[in-house]
Amino acid sequence: MSNAVTFGPPASDPDALSGRLPDLRGMTRDALTRLMADLGEKPFRAKQLFSWIHRRGAVSFDEMTDLSKSLREKLSKVSRLVLMRLDLTQVSVDGTRKFRFQTEDGHFIEAVYMPETDRRTLCVSTQIGCPMGCAFCRTGTLGLTRSLMPGEILAQIYAVNRALGAEDGLDGRKPLTNLVFMGMGEPFLNFDNLLTALALLQDDAGLNFSRRHITVSTSGIVPNIRRFGELTENKLAVSLNASCDEQRNVLMPVNRRWPLSELMEACRRFPLRQGRRITFEYVMLSGVNDTLEDAARVAALIRGIEAKVNLIPYNESPELPFRSVPQEKAEAFRDFLLNKGILAVIRKNRGRDILAACGQLATKREGR
Ligand code: SAH
Ligand code: SF4
């Protein structure tokens with residue numbers, strides 16, 4: 001590689017350790033422009049390359065037919081496009097689809113596609129496994145293998161866009177309208193790579209996603225809630241899941257580091273644009289957090305915050321001791337919040353039959 005090449009992968013990039021060529025998909029537009037300049041190419045070539053990668057979802061240099069063969073060869077000597085092999089697609093009776101990908105180093109991650117009449121949403125993973133250890137979550141039982149690189153986060157979106165576009169005959173137009181970062185992993189523990197991926201998704205030479213159509217969910221990494229508010233204009237979801245510290249300490253170990261007082265303070269200070277709300281996710285667990293006293297404490301916690309509460313039916317798994325709540329009980333909880341003037345909905349539970357619902361993503365390296 002020429003010494004003149006001045007870009008480099010971020011420190012959290014496993015490529016930096018393995019000596020692999022840097023991944024172009026995870027490079028900012030500026031870095032790509034510098035690379036092209038270092039290769040002696042005109043600036044408009046960088047834009048072409050960017051569009052191939054981010055608008056058309058190219059997975060190889062061979063596809064980039066309007067770049068000269070010699071440029072494609074030069075590129076492949078100094079860089080690569082990180083591979084995410086789409087190895088399995090499963091379709092639920094309700095139309096939800098699970099896409100399973102295999103990383104270059106052999107691990108599996110999953111993304112979930114949820115079509116609705118007015119939007120098409122993809123739920124994206126940010127880590128292989130998750131280190132947060134929430135007691136009720138299957139992904140949490142995996143522990144963390146590693147964080148995904150920006151190019152691996154984006155590859156999920158581009159692959160699904162391509163698959164749907166081919167099906168619908170959309171001819172390269174954007175089939176996905178919304179993204180939620182609620183798949184495997186804690187996005188705010190892969191913060192820099194998350195921000196890089198968001199910037200690339202929102203670039204007008206790429207998919208040009210609008211900021212309000214992207215939501216990131218966190219278990220409550222308080223310092224990064226603040227940074228997220230400062231550095232982006234995307235929507236925030238917070239997994240609350242409990243009405244007091246005693247409960248939350250047991251359900252979500254993160255609460256012992258950042259208790260509810262600090263979490264709610266960060267939410268209260270989170271900059272919200274006109275008409276926006278913070279979404280609070282609340283998984284309903286039978287006999288744990290499902291009483292009207294809990295509902296009253298939740299109402300008190302979020303008082304003064306422009307909020308929406310998403311009550312999530314619990315998806316049971318045989319190896320975990322928690323049970324779901326009967327519909328009437330969830331409705332009583334919701335109605336209590338509504339009567340307090342708090343927007344609350346019981347979320348539809350989608351993709352359960354293919355283990356694609358919340359907290360069910362847990363394919364290990366060896367398969368299930
Ligand atoms: N790690 C991030 C985002 C991924 S988890 C976070 O925790 O916010 C996405 C949501 O699924 C969280 O709100 C979590 O509380 C919820 N969840 C986890 N396990 C679940 C299960 N078994 N049933 C229903 N929801 C679950
Ligand atoms: Fe990780 Fe979110 Fe599951 Fe907790 S709920 S273990 S933070 S994926």
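Whatever order the structure lists ligands and atoms in, that order sets their numbers, starting from 1.
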Does any donor atom in the side chain of [X] or [Y] lie under 3.5 Å from an acceptor atom in the other side chain?
X      : Y      : result
Asp294 : Thr291 : yes
Asp94  : Thr96  : yes
Glu319 : Thr141 : no

Legend entry - Set of side chain to side chain contact (heavy atoms under 4.5 Å, CB included) partners for Arg334, sequence neighbours left out: Leu311, Glu331, Leu338, Ala344, Ile346
So which bit of [X] gets within less than 4.0 Å of ligand 1, heavy atoms only: side chain, backbone, both or neither?
X      : answer
Thr218 : backbone
Phe136 : both
Asn315 : both

Per-atom contacts, ligand 2 versus [X] - under 4.0 Å to a heavy atom:
X      : answer
Cys130 : 1 (Fe), 6 (S), 7 (S), 8 (S)
Gly140 : 6 (S)
Cys134 : 4 (Fe), 5 (S), 6 (S), 7 (S)
Met132 : 1 (Fe), 7 (S)
Ser219 : 7 (S)

Legend entry - Cation-pi check, Arg97 onto Tyr113 ring (under 6.0 Å, within 45° of axis): no
For [X], the ligand 1 atoms whose distance to one of its heavy atoms is below 4.0 Å:
X      : value
Ile312 : 24 (C), 25 (N)
Cys137 : 18 (C), 19 (N)
Pro313 : 24 (C)
Asn241 : 15 (O)

Which option out of [options] puts a heavy atom nearest to [atom]?
atom                    : options                        : value
atom 1 (N) of ligand 1  : Gly185, Cys130, Ser219         : Gly185
atom 10 (C) of ligand 1 : Glu186, Gln127, Met184, Glu281 : Glu281
atom 4 (C) of ligand 1  : Ser217, Gly183, Ser239, Cys123 : Gly183

Inset, instruction - To the nearest 0.5 Å, tell me how far Leu240 CG sits from Gln247 CD. - result: 9.5 Å
Legend entry - Distance (rounded to the nearest 0.5 Å) between Ile221 CD1 and Trp258 CH2: 5.0 Å
Legend entry - Residue-ligand contact Cys134/ligand 1, heavy atom below 4.0 Å: no
Inset, instruction - Identify the heavy atoms of Met114 and Cys123 that sit nearest to each other, and give their distance. - result: CE-CB, 3.8 Å
Legend entry - Sub-4.5 Å side-chain heavy-atom contact between Leu207 and Asn161: yes
Inset, instruction - State, yes or no, whether a side-chain contact exists between Ile128 and Met184 at a heavy-atom distance under 4.5 Å. - result: no
